[in-house]
Amino acid sequence: MNREPDMLRGIGMTSQRTRARLIERLVEQGISNFRVLACFETIPRHLFVDEALGHKAYEDVSLPIGYAQTLSQPYIVARMSELVLAAPHHERVLEIGTGSGFQTSVLASLVDEVYSVERIQPLQEKARQRLAILNLKNVWLKLADGFMGWPDEAPFDVIIGTAAPSVPPPELLDQLIPDGGRLIMPIGETEQFLTVIEKHGDELIIEQIEPVLFVPMLTGIKAK
Ligand code: SAH
């Protein structure tokens with residue numbers, strides 16, 4: 001007997017078949033890491049959006065999560081997760097922009113420790129509740145301005161950002177390990193590129209992956 005609660009398993013459009021179709025689509029788009037693909041099978045994306053949008057949770061689209069923010073499209077979450085796993089080290093990861101918590105959950109099943117900061121308090125609280133439902137024990141959340149990173153927990157092997165600054169934030173580069181630390185985030189104002197910056201001592205190796213469209217990274221925190 002399947003004892004998984006209905007809430008996690010999902011019904012109708014959130015069924016296993018719809019999830020399988022999404023995974024096929026991700027493979028067609030070039031996602032090949034088996035562990036990343038498996039996350040879309042096991043993590044209930046419908047939990048991360050309002051119930052009214054649940055039927056769209058397994059389509060390859062971004063979805064609104066309130067406060068003018070969006071849960072990224074599955075392809076982007078998968079692509080960024082592959083870039084995390086391809087980093088020379090990826091045990092300790094800092095995420096900027098918890099948002100719904102979906103990317104956070106994906107990371108939690110791929111790496112040892114996930115630290116995630118969010119500047120909008122109500123979004124962070126909802127994400128915290130969802131992560132508790134999934135019983136994730138290797139995630140730490142903080143309400144903070146991600147431009148500052150998380151100095152007390154630095155250095156990180158990887159820092160991943162899900163909102164776009166116009167230039168790479170210097171504090172984030174400082175908080176990477178010196179031997180192959182990776183910053184993975186959208187960068188740019190009118191035109192954004194998903195960018196990987198790898199730190200090797202004083203040298204930064206910068207690679208633009210592909211054009212993307214993320215919400216802008218904003219300063220300060222927005223408490224309730
Ligand atoms: N990864 C999220 C995507 C959320 S959209 C998800 O899977 O749902 C980007 C998020 O970045 C928003 O929640 C936004 O509030 C947050 N954000 C923007 N600027 C930030 C900053 N300076 N510090 C922390 N979070 C920030």
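Fair warning: this is a prediction, and the values are worked out from it, not measured in the lab. All ligand and atom numbering here is 1-based and tracks the order in the structure.
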Pair S62-S72, side chain to side chain contact (heavy atoms under 4.5 Å, CB included): steps then yes or no:
CA-CA 5 Å; S62 58; S72 309; 5.6 Å; no
Criterion side chain to side chain contact (heavy atoms under 4.5 Å, CB included) on L85 and R35, from CA distance to verdict
CA-CA 10 Å; L85 292 182; R35 292 182 61 211; 4.1 Å; yes
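By the 4.0 Å heavy-atom criterion, T219 is excluded from the residues contacting ligand 1. Residue contacts with ligand 1 leave out A127, since none of its heavy atoms falls under 4.0 Å from the ligand.
The atoms of ligand 1 that sit less than 4.0 Å from any heavy atom of I120 are 15 (O). Of all the atoms in ligand 1, the ones that sit under 4.0 Å from a non-hydrogen atom of A144 are 23 (N), 24 (C). Close approach to L123 involves these atoms of ligand 1, each under 4.0 Å from a residue heavy atom: 13 (O). Shown in contact with V215 at under 4.0 Å from a heavy atom are these atoms of ligand 1, numbered in order with element: 5 (S), 9 (C). Close contacts of ligand 1 with T70, meaning ligand atoms under 4.0 Å from a residue heavy atom, involve 3 (C), 4 (C), 5 (S).
In terms of polar-atom proximity, defined here as any N/O pair under 3.5 Å, E118 does make such a contact with ligand 1. Checked against a 3.5 angstrom limit, the closest N/O atoms of S72 and ligand 1 fall outside it. For ligand 1, the polar-atom distance check finds an N/O of G146 within less than 3.5 Å of one of the ligand's N/O atoms. Looking at ligand 1, you won't find any N or O of I65 less than 3.5 Å from one of its N or O atoms.
There is no side-chain donor-acceptor pair under 3.5 Å between T98 and E118. Judged purely by distance below 3.5 Å, without hydrogens or angles, the side chains of E198 and H200 pair a donor atom with an acceptor atom.
In this structure, the protein non-hydrogen atom closest to atom 11 (O) of ligand 1 is G97 CA, 3.2 Å. Here the protein heavy atom with the shortest distance to atom 6 (C) of ligand 1 is S100 OG, 3.4 Å. Among all protein heavy atoms, the one lying closest to atom 9 (C) of ligand 1 is T162 O, 3.2 Å. At the shortest separation from atom 18 (C) of ligand 1 among protein heavy atoms lies A163 CB, 3.6 Å. Distance from atom 12 (C) of ligand 1 to its nearest protein heavy atom, with residue and atom name: Q69 OE1, 3.2 Å. Nearest protein heavy-atom neighbour of atom 19 (N) of ligand 1: L218 N, 3.1 Å.
Contact check on R92 versus E113 returns a salt bridge, with a Lys/Arg side-chain nitrogen under 4.0 Å from an Asp/Glu carboxylate oxygen. For R25 and D60, the salt-bridge test passes: some basic side-chain N is under 4.0 Å from an acidic carboxylate O. Salt-bridge formation is detected for the pair K224/E125: a Lys NZ or Arg NE/NH1/NH2 atom is positioned less than 4.0 Å from an Asp or Glu carboxylate oxygen.
A side-chain contact (heavy atoms from CB on, under 4.5 Å) with I160 is found for one member of Q103, M185, H90 and no other, namely Q103. Looking at L107, V196, I184 one by one, the single match for side-chain contact (heavy atoms from CB on, under 4.5 Å) with M80 turns out to be I184.
Figure legend: R45 and F102 shown as a cation-pi pair, the cationic atom lying under 6.0 angstrom from the six-membered ring centre and within 45 degrees of its axis.
Contact record, A87 with V158: CB-CG2, 3.7 Å, taken as the closest heavy-atom pair.
Under 4.0 Å from ligand 1, the heavy atoms of T98 that appear belong solely to its backbone.
Taking only non-hydrogen atoms, the option from E95, Q103, R119 nearest to atom 20 (C) of ligand 1 is R119.
A side-chain donor-acceptor contact under 3.5 Å links N138 to the backbone of D112.
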